[in-house]
*Asks:* 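Here it is: the structure, laid out below.
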Amino acid sequence: MKHPAVVVLGIAGLLLAGCGTDARTDATADYLTPGVKVAVSALTDQELHEKAFLDYVRREHPDLQFMKGDQIITIAMSFCRMYDQGGAAQDASSLIRAGDATGAYTTEELKTISGAGVASFCPQHVNKFRQEMAMQEELALR
């Protein structure tokens with residue numbers, strides 16, 4: 001054989017030509033076929049963001065499955081508003097104690113809601129939140 005590379009390329013070309021239809025063409029045809037519906041999320045970016053937040057909080061605290069999502073988001077956003085307005089550690093503690101006093105949420109649930117809420121809805125305040133939670137833990141140990 002004088003030109004083995006030419007023979008190999010020729011065989012490869014024959015094999016590729018004989019493989020049938022291109023799989024990408026078949027998959028694309030499903031999307032272009034009239035009457036075939038493609039699932040598209042009807043949720044906005046904000047709604048997807050809120051859903052991810054609620055999924056996380058409810059995964060951490062399964063009892064919150066029965067609480068209205070709007071209420072949980074409102075609590076989370078109250079921490080953001082507090083920080084936006086220059087709130088201090090005592091304010092965060094007060095919000096958690098006030099929520100705990102209603103009996104609707106435990107302290108641990110409120111800490112998760114506030115922490116995940118700050119991280120999700122006002123990440124510019126994450127470091128401040130972490131510092132305040134560390135201060136609370138330090139005070140509790142005394």
*Asks:* Side chains of His49 and Ser120 only: does a donor on one sit below 3.5 Å from an acceptor on the other?
*Replies:* no

*Asks:* State, to 0.1 Å, how close Ala119 and Val126 come at their nearest heavy-atom pair, and which atoms those are.
*Replies:* CA-CG2, 3.8 Å

*Asks:* Could you state the interatomic distance from CG (Asp63) to CD (Glu109), rounded to the nearest 0.5 Å?
*Replies:* 6.0 Å

*Asks:* Ignoring hydrogens, what is the shortest heavy-atom contact between Ala76 and Gly117? Give both atom names and the distance.
*Replies:* CB-CA, 3.6 Å

*Asks:* Are the side chain of Gln85 and the backbone of Met82 linked by a donor-acceptor contact shorter than 3.5 Å?
*Replies:* no

*Asks:* Regarding Lys51 and Asp55, does a basic nitrogen lie under 4.0 Å from an acidic carboxylate oxygen?
*Replies:* yes

*Asks:* Arg58 and Gln65: which non-hydrogen atoms are nearest, and at how many Å?
*Replies:* CB-NE2, 3.1 Å

*Asks:* So, for Ile113 and Ile72, which heavy atoms are closest and what is the spacing to 0.1 Å?
*Replies:* CG2-O, 3.7 Å

*Asks:* For the atom pair CG (Leu110) and CD1 (Ile75), what is the distance rounded to the nearest 0.5 Å?
*Replies:* 6.0 Å

*Asks:* Is there a donor-acceptor contact under 3.5 Å from the side chain of Glu47 to the main chain of Thr44?
*Replies:* yes

*Asks:* For Phe121 versus Glu50, what's the shortest heavy-atom pair and its separation?
*Replies:* CE2-CG, 4.0 Å

*Asks:* So, do Tyr105 and Met67 sit near enough that their side-chain heavy atoms are less than 4.5 Å apart?
*Replies:* yes

*Asks:* Can you tell me how far apart CZ (Phe66) and CG (Leu64) are? Round to the nearest 0.5 Å.
*Replies:* 10.0 Å

*Asks:* With heavy-atom distances below 4.5 Å as the criterion, would you say the side chains of Phe79 and His125 are in contact?
*Replies:* no

*Asks:* Of all the heavy-atom pairs spanning Glu60 and Thr112, show the shortest one and how long it is.
*Replies:* CB-CG2, 4.1 Å

